[in-house]
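Working notes, beginning with the structure itself.
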There are 2 protein chains.
Amino acid sequence: MNETESTAQSGDEVLRLDRQLCFPLYAASNMLTRAYRPLLEELGLTYPQYLVLLVLWERAPRMVGEIGHQLFLDTGTLTPLLKRMETAGLVTRQRDPEDERRVIVSLTDKGSTLREAAREIPLKIASSPKLTLCEAENLHETVWKLIRGLNGQA
Amino acid sequence: MNETESTAQSGDEVLRLDRQLCFPLYAASNMLTRAYRPLLEELGLTYPQYLVLLVLWERAPRMVGEIGHQLFLDTGTLTPLLKRMETAGLVTRQRDPEDERRVIVSLTDKGSTLREAAREIPLKIASSPKLTLCEAENLHETVWKLIRGLNGQA
DNA sequence: CGATATTATATTGCGCGCAATCTAATATCG
DNA sequence: CGATATTAGATTGCGCGCAATATAATATCG
C-alpha cells in the first residue's frame with residue numbers, strides 16, 4: 001500500500017473533506033461574495049465595503065474601532081479599506097479633536113445616497129430560491145451561535 | 001433629519017446587518033480560519049493549504065482542476081498556492097505526459113506523513129463546545145444545501 | 001491536413017484578512 | 001509632575017480569492 005497513491009481507506013474519517021464543518025462555511029462564504037460581486041460592482045463596491053456601509057447606514061459617524069468590532073475585522077484590514085472608500089468619496093476620515101487617537105468615519109452625501117440603490121441587493125440575492133425561509137432562519141441562528149462560541153473563547 | 005448623522009429609523013430593515021444571512025457566514029468563516037491558524041502553524045500550513053491536503057489525502061495524485069472543483073477554487077488561487085506547497089516540500093507538480101495541458105499534483109512523503117499530525121486538528125477545533133452535535137449536523141446540512149443552490153445557478 | 005474551437009493551466013493586478021510591529025495620544029500611578 | 005502603561009490607529013509583509021487575460025496543447029470540423 002503506497003501512501004502516495006491512494007490513501008482513502010484508513011479509519012481516520014475525521015479528516016474527510018465532507019466531514020468538516022469549517023469547509024462548507026468557507027466555501028459558502030466565498031460563493032456568496034462571488035454572488036454579490038456583480039450587484040455590488042454596479043455600485044462601485046466590494047463586499048467588505050458594503051458591510052462597512054451597512055454599519056454606517058445604521059448609525060454614523062463611527063469610530064474605526066466600532067466598525068471593526070461589529071464586523072470582526074481589525075485595523076490592518078479596515079484602515080486601507082476605509083482609505084479606498086474615502087478616495088471613492090463614500091466616507092470621510094478625521095481625527096477626533098476630543099481624543100486625537102481616534103478617527104471618526106462619517107458618511108458623505110454620496111455614501112448616504114448609495115443606500116437607496118443598495119436596497120435592491122438583498123432582494124436580488126434572496127430571489128433565486130436556495131433555502132426555504134425556515135432553513136434560512138435556522139441557519140442564521142445556528143451560525144450566530146457558532147460565532148458567539150468562537151468569539152467567547154477568544 | 002440629517003442623513004449623515006443618524007439614519008437607522010427608516011423602514012428598510014432589509015439592510016440591517018443583523019438581518020443579513022451572508023454576513024454571519026462571512027464572519028464565521030473568518031473566525032474559523034483564525035481558530036485553525038495556531039494549530040496549522042505548527043504544521044507549517046495555511047487553512048487553504050490544509051484543505052488541499054485533505055483532498056489529496058483522500059486520493060492522490062490529482063489534477064489541479066480536480067482539486068479546484070472540490071474546493072470551489074480556480075487556478076488563479078491554486079497555482080501559486082500549489083507552488084508554495086511544492087517549495088515547502090509537501091507536493092510535487094509535473095505535467096501529464098499523456099496530455100501536456102494537465103498538471104499532476106502528487107503528495108511527497110512529507111506531505112503524506114503530515115496526515116498523522118493533522119489528525120489531532122478536527123478534535124482540537126471541536127473540543128471547545130460551541131454547538132451541540134445536532135446543531136452542527138443541521139448547520140452542515142443546511143450550508144451544503146445553500147452551496148448546491150449557489151453552485152447550481154452559477 | 002489545416003483552420004478554428006476548446007481545454008488546462010499560468011499570469012497579472014487588485015482588494016482583502018491578519019499577525020506583528022510601530023507611533024502617537026491619553027490614562028494611571030508614585 | 002514625570003515615568004510607565006494602555007489605547008486607537010497605521011504600517012508592513014504575506015497569503016489568499018478572483019476577474020481578466022494569456023499561453024500552450026488537444027480536439028473538432030471542413
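Keep in mind that this is a model prediction, so the values were computed, not measured. Letters A, B, ... mirror the listed sequences (proteins, then strands); counts begin at 1.
- When the side-chain nitrogen and oxygen atoms of B:T77 are compared with OP1 and OP2 of D:dG17, none of them lie within a distance under 4.0 Å.
- In this structure, B:L114 and B:L107 have side chains that are not in contact, with every pair of non-hydrogen atoms separated by 4.5 Å or more.
- Between the CZ atom of A:R93 and the C1' atom of D:dT11 there is a distance of 13 Å, given to the nearest Å.
- Considering only side-chain N and O atoms, A:Y26 lies under 4.0 angstrom from the phosphate OP1 or OP2 of D:dG17.
- Of the residues near DNA chain D, B:E100 and A:E66, the one whose nearest nucleotide (by heavy atom distance) lies more toward the 5' end is A:E66.
- When rounded to the nearest whole Å, the span between OH of B:Y47 and P of C:dC16 equals 22 Å.
- Between C:dC18 and B:R37, no contact under 4.0 Å exists linking OP1 or OP2 to a side-chain N or O.
- Nucleotide C:dA27 holds its P atom 6 Å from the CZ atom of A:R101, rounded to whole Å.
- The nucleotide D:dT12 finds its pairing partner in C:dA19, both defining distances of the Watson-Crick or G-U wobble pair being shorter than 3.5 Å.
- For B:L73, the listed nucleotide lying nearest its side chain is D:dC18; candidates were D:dG9, C:dT9, D:dC18.
- Proximity of a side-chain donor or acceptor of B:D74 to a complementary backbone N or O of B:T77 within less than 3.5 Å is detected.
- Nucleotide D:dG30 forms a pair with C:dC1, judged by Watson-Crick or G-U wobble geometry with both contacts under 3.5 Å.
- Under the 4.5 Å side-chain criterion, counting only non-hydrogen atoms from C-beta, B:I121 is not in contact with A:V14.
- When the side-chain nitrogen and oxygen atoms of A:R102 are compared with OP1 and OP2 of C:dT26, none of them lie within a distance under 4.0 Å.
- Rounded to an integer number of Å, the gap from CG of A:L40 to P of C:dC16 is 11 Å.
- Among the atoms of the strands shown, none is found under 4.0 Å from any heavy atom of B:L78.
- Both A:G76 and A:D99 lie close to DNA chain C; mapped to their nearest nucleotides by heavy-atom distance, the more 5′-ward contact belongs to A:G76.
- Look at CG on A:D74: it is 15 Å from C1' on D:dT7, rounded to the nearest Å.
- In this structure, B:R95 does not reach the D:dA25 phosphate: none of its side-chain N or O atoms is under 4.0 Å from OP1 or OP2.
- The CD-C1' distance, from A:Q94 to C:dA25, rounds to 18 Å in whole Å.
- Backbone-only engagement by B:G65 is indicated by non-hydrogen atom pairs under 4.0 Å involving sugar-phosphate atoms exclusively.
- A donor N or O paired with an acceptor N or O is not found under 3.5 Å between the base of D:dA8 and the side-chain atoms of A:T75.
- Of the two residues near DNA chain C, A:R84 and B:E41, the one whose nearest nucleotide lies more 5' is A:R84.
- Computed from coordinates, the B:L82 CG to C:dT11 P distance equals 12 Å when rounded to whole Å.
- The hydrophobic cluster containing A:L71 does not contain A:I104, counting ILVMFWY residues as joined when their side-chain heavy atoms lie under 4.5 angstrom apart, directly or transitively.
- For A:M63, taking side-chain heavy atoms from C-beta onward, the closest of the listed nucleotides D:dG9, D:dC16, D:dC18 is D:dG9.
- Two residues are said to be in side-chain contact when any heavy atoms from C-beta on lie closer than 4.5 Å; A:V52 and A:L73 fail this criterion.
- At the heavy-atom level, B:T46 lies under 4.0 Å from the strands shown only through sugar-phosphate atoms.
- Atom CG in B:L81 sits roughly 10 Å away from atom P in D:dG15 (whole-Å rounding).
- In this structure, B:V105 and B:L78 have side chains that are not in contact, with every pair of non-hydrogen atoms separated by 4.5 Å or more.
- Contact check, B:K83 against C:dT11: a side-chain N or O comes under 4.0 Å of OP1 or OP2.
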